[in-house]
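Worksheet: one structure, shown below.
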Amino acid sequence: MMRALGYPRLISMENFRTPNFTLVAEILIWLVKRYEPQMDIPSDVDTETDRIFFIKAVAQFMATKAHIKVNTKRLYQADGYAVKEMLKITSVLYSAMKTKEMASGDKVEEDNSKFKFDLGSKIADLKAARQLASEITSKGASLYDLLGKEVDLREMRTAAISRPLEINETEKALRAAIKEVLESVDKTKDMLNNVSSDETSLESKMEKKKQELERNQKRLQTLQSVRPAFMDEYEKIEEDLQKQYETYVEKFRNLSFLEQQLEDYHRLEQERFEETENTLRMMQHKLREEERRLMRSGAKDEDSDIDIPEDEGSDSDMEDRRPSKPRPTRNGPMTGRGGARLVGNMQGGDSEEVSKGVTMTMTSTPPPQKK
């Protein structure tokens, strides 16, 4: 392309095996001048800063004037990747030159319209090129394998060539090949005939299915428009069922509420019963302590004969004055100290009387005092 555009120097890919920024800069300046002769591009590329400024200037010019986007990083590498970027600019100029040569006698408006590119054709060409590249690679690999077998096949080829050709065997082989080809042709014709018959049968089946579908659709529309005879009764029963369900839900809710209330009541009764039991145990403990104190005070009175007067009474009188132990009763009334009689069931404790459930009776008679 560069030779067609008039570049004075011969360019080869060997020049870009290693980075060659001088040649890249020379080609870019020539391409810019070719596109815009009056454009002034700085040609100083001695330092790194100058090279960066040069690449940026060229990329900006091509983006604004020619609407060509180039990769500045690849251009700065100045190797084979830079060739791909410069090829974008060269392709545009080369296409313009070809277009001008083909339509030199047309109008300027027609010349401007020819610069439009068909992206669809370019994509198709790219796909075809990729497919050809893959085929070339596969063919090259197979060719390499076949060339590796050349040493073994050379002797066989030489022997086959040196062997005299027999006409009868050749004719026999050709007749067999012709027969096979004719058989394959007959099979292909039979398959084509079968395809046509299958096509007609399938078309007839499709037509039958379409007719059946139309009949079913009409029947469905008829059934949807007709109201069943039992529909009124069904709706009435459904309303009654709804009412019965509402009644059931209400009764179930009430029953659940009453069961909850009953459970709460039983729980409160249990708590009251436990509280009463605790109170009875406390009173039992107090009565036991009082009895023990009375027994200790009575023992002391018996030991001290000097302090006890004769008119106070004998021991039998003291025994009579002590509160008698009533017969054990369960859940009997209890009397306090205000003159009423208190009877209670004393459960628990360490003594034998308490373990047997002895009921203690307490009266308002004060214990005997020591004189």
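Nothing here was measured: the structure is a model prediction, and the numbers come from that model. Atom set for the values below is all heavy atoms of this structure, side chains included, hydrogens, waters and symmetry mates excluded.
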Please check: side-chain N/O of [X] versus main-chain N/O of [Y], any donor-acceptor pairing under 3.5 Å?
X: Glu85; Y: Asn71; result: yes
X: Asn254; Y: Glu250; result: yes
X: Ser95; Y: Val92; result: no
X: Asn15; Y: Ile11; result: no
X: Lys69; Y: Ala63; result: no
X: Arg51; Y: Val45; result: yes

*Given Arg175 and Glu171, is the salt bridge (charged side-chain N to carboxylate O under 4.0 Å, His left out) satisfied, shown in steps?*
CA-CA 6 Å; Arg175 287 178 180 176; Glu171 185 178 358; 2.4 Å; yes
With a cut-off of 6.0 Å (strictly less than), are more than 12 heavy atoms of other residues, nucleotides or ligands near [atom1] of [X]?
X: Ile167; atom1: CD1; value: no
X: Lys56; atom1: NZ; value: no
X: Glu135; atom1: CD; value: yes
X: Glu155; atom1: CD; value: no

Taking side chain as C-beta onward, heavy atoms only, is [X] less than 4.5 Å from [Y]?
X: Asp264; Y: Arg267; value: yes
X: Pro19; Y: Gln77; value: no
X: Met86; Y: Leu75; value: yes
X: Arg253; Y: Val249; value: yes
X: Glu212; Y: Lys209; value: yes
X: Leu23; Y: Arg9; value: yes
X: Phe61; Y: Tyr35; value: yes
X: Leu31; Y: Thr90; value: yes

Can you measure from [atom1] ([X]) to [atom2] ([Y]) and round to the nearest 0.5 angstrom?
X: Glu275; Y: Leu280; atom1: CD; atom2: CG; answer: 11.0 Å
X: Lys205; Y: Thr200; atom1: NZ; atom2: OG1; answer: 10.5 Å
X: Arg215; Y: Gln211; atom1: CZ; atom2: CD; answer: 6.5 Å
X: Trp30; Y: Leu5; atom1: CH2; atom2: CG; answer: 5.0 Å
X: Thr72; Y: Ile52; atom1: OG1; atom2: CD1; answer: 9.5 Å
X: Leu241; Y: Glu238; atom1: CG; atom2: CD; answer: 7.5 Å

Report the C-alpha separation of Lys236 and Glu239 in whole Å, then their side-chain angles, then the decisive distance to 0.1 Å, and conclude whether the salt bridge (charged side-chain N to carboxylate O under 4.0 Å, His left out) test is met. CA-CA 5 Å; Lys236 184 178 180 181; Glu239 292 178 359; over 6 Å; no
* Between Lys33 and Glu36, is there a salt bridge with N-O shorter than 4.0 Å? -> no
| Short N-O contact, Glu169 and Lys172, less than 4.0 angstrom |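 No salt bridge links Glu169 with Lys172.
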TODO: Kindly work out whether a path of hydrophobic side-chain contacts (I/L/V/M/F/W/Y, heavy atoms less than 4.5 Å apart) joins Tyr245 to Phe252.
DONE: yes
Are Leu87 and Val32 linked, directly or through intermediate hydrophobic residues, by side-chain heavy-atom contacts shorter than 4.5 Å (ILVMFWY only)? yes
Inset, instruction - Start with the C-alpha gap between Glu26 and Tyr7, add the side-chain angles, then the distance that decides, and say whether side chain to side chain contact (heavy atoms under 4.5 Å, CB included) holds. - result: CA-CA 11 Å; Glu26 182 181 352; Tyr7 188 72; 3.3 Å; yes
Side chain to side chain contact (heavy atoms under 4.5 Å, CB included), that's the test. Do Ile89 and Tyr94 meet it? Break it down for me. CA-CA 9 Å; Ile89 306 171; Tyr94 184 79; over 6 Å; no
Could you walk me through whether Thr47 and Asp50 pass the side-chain hydrogen bond (donor to acceptor under 3.5 Å, both in side chains) test, one step at a time? CA-CA 5 Å; Thr47 62; Asp50 294 335; 2.7 Å; yes
request  = For side chain to side chain contact (heavy atoms under 4.5 Å, CB included), just list the numbers for Phe16 and Val24, CA-CA rounded to whole Å, side-chain angles, deciding distance to a tenth of an Å, and then say yes or no.
outcome  = CA-CA 9 Å; Phe16 301 97; Val24 171; 3.7 Å; yes
Partners meeting salt bridge (Lys or Arg N to Asp or Glu O under 4.0 Å) with [X] (sequence neighbours left out):
X: Glu246; result: none
X: Arg157; result: Glu150
X: Asp198; result: none

### Message
Restricting to non-hydrogen atoms, name the atom on Ser184 and the atom on Thr188 that form the minimum distance, rounded to 0.1 Å.
### Response
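Looking at all heavy atoms of both residues, the shortest contact is O-OG1, 2.8 Å.
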Check your understanding: Is there a salt bridge (charged side-chain N to carboxylate O under 4.0 Å, His left out) between Glu269 and Arg272 once you walk through the steps?
Key -> CA-CA 5 Å; Glu269 289 293 327; Arg272 289 177 184 175; 3.5 Å; yes
Problem set entry | Residue pair Arg292, Arg296: steps toward the side chain to side chain contact (heavy atoms under 4.5 Å, CB included) verdict | CA-CA 6 Å; Arg292 290 177 181 175; Arg296 286 197 297 270; 3.9 Å; yes
* Asked: Side chains of Asn216 and Arg219: do they bring a donor and an acceptor to under 3.5 Å?
  -> no
